[in-house]
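Sequence lines set the chain letters: A, B, ... in the order given, protein chains first and strands last, and positions in each chain run from 1. Because the structure is predicted, anything quoted here is derived from the model rather than measured. All values below come from the heavy atoms of this structure, side chains included, with hydrogens, waters and symmetry mates left out.
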Protein chains: 2
Amino acid sequence: MQNSEALALAAALLAAAGDLTRRVNDGVVARGFEGRPAYGFAFARLAPDGATVTDLAVHLGVTKQAASQLVDEIVRKGYAERRPHPEDARARLVVLTERGWACTRAAEEAIAEIVQGWAGVLGESEVGVLRDHLARIAPYGPLRPSW
Amino acid sequence: MQNSEALALAAALLAAAGDLTRRVNDGVVARGFEGRPAYGFAFARLAPDGATVTDLAVHLGVTKQAASQLVDEIVRKGYAERRPHPEDARARLVVLTERGWACTRAAEEAIAEIVQGWAGVLGESEVGVLRDHLARIAPYGPLRPSW
DNA sequence: CTAGTTGGTCAAGCTCCTTGACCATATAGT
DNA sequence: ACTATATGGTCAAGGAGCTTGACCAACTAG
């Protein structure tokens with residue numbers, strides 16, 4: 001393996017990720033939602049049944065104070081709400097509102113559209129290969145900065 | 001293409017990029033340099049023959065004020081220096097110092113090491129396929145947040 | 001039932017970026 | 001040559017998003 005090939009691979013990976021992040025965010029905004037990339041990962045954690053602020057902090061890799069501020073923000077914008085936790089009076093369960101779900105669906109649409117474009121360039125089967133390769137090299141990568 | 005497959009691909013791409021960024025930075029720090037991921041892209045632009053602050057700002061996708069502050073930082077840390085520009089008395093040419101070059105080489109070593117690991121998982125030839133796929137889906141992606 | 005742990009928030013501060021104002025030099029129009 | 005505009009760079013102030021530290025309320029283990 002040539003050194004320059006390793007550099008080219010690293011650059012291509014970062015460029016592809018940066019491009020994806022930007023385009024997903026643009027797609028969500030174009031569908032009428034306001035937000036920043038971090039929302040997407042937060043929503044992914046909240047989606048099934050809600051989560052506590054501490055859960056979210058762990059998921060995002062930030063302090064619980066930062067997660068709490070993010071929740072303030074998405075609550076203020078109407079994407080989620082804080083409810084009493086059914087089993088722990090200290091905790092609060094943060095759950096998506098209907099608008100939060102709509103925003104999540106918008107992000108998924110945007111992603112599907114972009115990946116569709118990749119399939120047009122590489123072909124369906126090669127996109128599957130790409131996904132497989134990526135999953136194998138970074139099974140536990142961090143989830144922070146993007147949709 | 002299933003929607004969930006598109007989501008899995010997007011998540012894997014972001015995870016891989018985040019993992020790469022973190023590990024390159026760790027590798028550079030482990031080799032005795034202090035820095036943040038943005039340095040790497042700045043150094044890549046400065047490397048051949050130096051660049052002006054404005055060049056750097058365009059390359060990084062930030063304002064020239066931000067680029068100027070970044071240059072302050074890498075100058076203060078001994079990685080670069082400002083010289084008069086040979087053809088324009090308004091401008092200054094920012095060039096890497098020997099320590100700046102050493103830091104760049106350290107980053108390249110770290111990258112080579114990581115990609116080596118990927119070759120161990122996927123095989124040499126598949127790493128080439130991966131690089132090709134990524135280059136084809138994001139030929140002009142942004143270059144900002146990482147080494 | 002006290003002692004320690006855990007969920008959450010408030011407050012202050014830091015880092016990195018932005019916008020706005022400004023100066024020095026370069027370039028174009030007349 | 002001379003004014004007008006564009007460009008390279010910096011200073012200053014402010015904002016977004018994170019951190020650390022302090023703290024309270026409620027859970028859990030001895």
With sequence neighbours excluded, residues passing side-chain contact (heavy atoms from CB on, under 4.5 Å) with [X]:
X: B:Glu109; result: B:Arg31
X: B:Leu122; result: A:His133, A:Arg136, A:Ile137, B:Glu126, B:Val127, B:Leu130
X: A:Ala12; result: B:Leu134

Specify the separation, in whole Å, of atom [atom1] of [X] and atom [atom2] of [N].
X: B:Leu60; N: C:dC16; atom1: CG; atom2: P; result: 14 Å
X: A:Leu70; N: D:dT19; atom1: CG; atom2: P; result: 12 Å
X: B:Leu56; N: D:dG8; atom1: CG; atom2: P; result: 13 Å
X: B:Ile74; N: C:dC16; atom1: CD1; atom2: P; result: 13 Å

Filtered N/O pairs between nucleotides 20-23 of chain C and protein, under 3.5 Å:
residue, atom, partner, partner atom, Å
C:dG20, O6, B:Gln65, NE2, 2.6

For [X], enumerate each residue passing the side-chain hydrogen bond (donor to acceptor under 3.5 Å, both in side chains) test, keeping only those at least two apart in sequence or located in another chain.
X: B:Arg92; value: none
X: B:Arg45; value: none
X: A:Ser68; value: none

Which nucleotide sits closest to the side chain of B:Arg92: C:dT9, C:dC17, D:dG9?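 Of all the options, the side chain of B:Arg92 is nearest to D:dG9.
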When you measure from the side chain of A:Arg82, which nucleotide among D:dG9, C:dA26, C:dT9 comes out closest?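 Nearest listed nucleotide: C:dT9.
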Between A:Thr104 and A:Tyr39, does the side-chain contact (heavy atoms from CB on, under 4.5 Å) criterion hold? Intermediate values first, please. CA-CA 9 Å; A:Thr104 300; A:Tyr39 287 10; over 6 Å; no
Please check the phosphate of D:dT7 (OP1 and OP2 only) for any side-chain N or O of B:Thr54 closer than 4.0 Å.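 False: B:Thr54 side-chain N/O out of range (4.0 Å or more) of D:dT7 OP1/OP2.
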Below 4.0 Å: OP1/OP2 of C:dG8 and any side-chain N or O of A:Ser68: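 No, no such contact exists.
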Terminal axes of the helix from C:dC1-D:dG30 to C:dT30-D:dA1 (five pairs each): angle between them, nearest 10 degrees: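 It works out to 20° between the end axes.
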What pairs with A:Glu87 under salt bridge (charged side-chain N to carboxylate O under 4.0 Å, His left out), at least two apart in sequence or on another chain?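 If we apply the salt bridge (charged side-chain N to carboxylate O under 4.0 Å, His left out) test to A:Glu87, skipping adjacent residues, there are no hits.
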salt_bridge([X], [Y]) N-O dist < 4.0 Å:
X: B:Glu81; Y: B:Arg76; result: no
X: A:Glu113; Y: A:Arg23; result: no
X: A:Arg22; Y: A:Asp19; result: yes

Categorize B:Ala66 for me: base, sugar-phosphate, or nothing, with a 4.0 angstrom heavy-atom threshold over every strand shown.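 Base contact - B:Ala66 has a heavy atom under 4.0 Å of at least one base atom.
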With a non-hydrogen cut-off below 4.0 angstrom, is B:Thr63 in contact with a base, only sugar-phosphate, or nothing?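 Base, at least one base heavy atom under 4.0 Å.
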Applying ring-ring contact (aromatic ring centres under 6.0 Å, His included) as the test, list every pair that has at least one member in residues 69-90 of chain A; sequence neighbours left out.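 ring-ring contact (aromatic ring centres under 6.0 Å, His included) check on residues 69-90 of chain A returns A:Phe43-A:Tyr79.
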Every protein N/O lying under 3.5 Å from an N/O of nucleotides 1-6 of chain D:
none

Taking for each residue the nucleotide of DNA chain C with the nearest heavy atom, is it A:Asp72 or A:Asp88 whose nucleotide lies nearer the 5' end?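 This one resolves to A:Asp88.
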Test side-chain contact (heavy atoms from CB on, under 4.5 Å) applied to A:Arg82 and A:Val71, step by step: CA-CA 9 Å; A:Arg82 289 185 225 248; A:Val71 170; 3.5 Å; yes
Verify the neighbour count for atom CZ of A:Arg99: are there more than 12 heavy atoms of other residues, nucleotides or ligands below 6.0 Å?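 More than 12 within 6.0 Å, yes.
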For nucleotides 15-17 of chain D, print each protein N/O atom paired with a nucleotide N/O atom at under 3.5 Å, atom names and distance only.
residue, atom, partner, partner atom, Å
D:dG17, OP1, A:Arg36, NE, 3.1

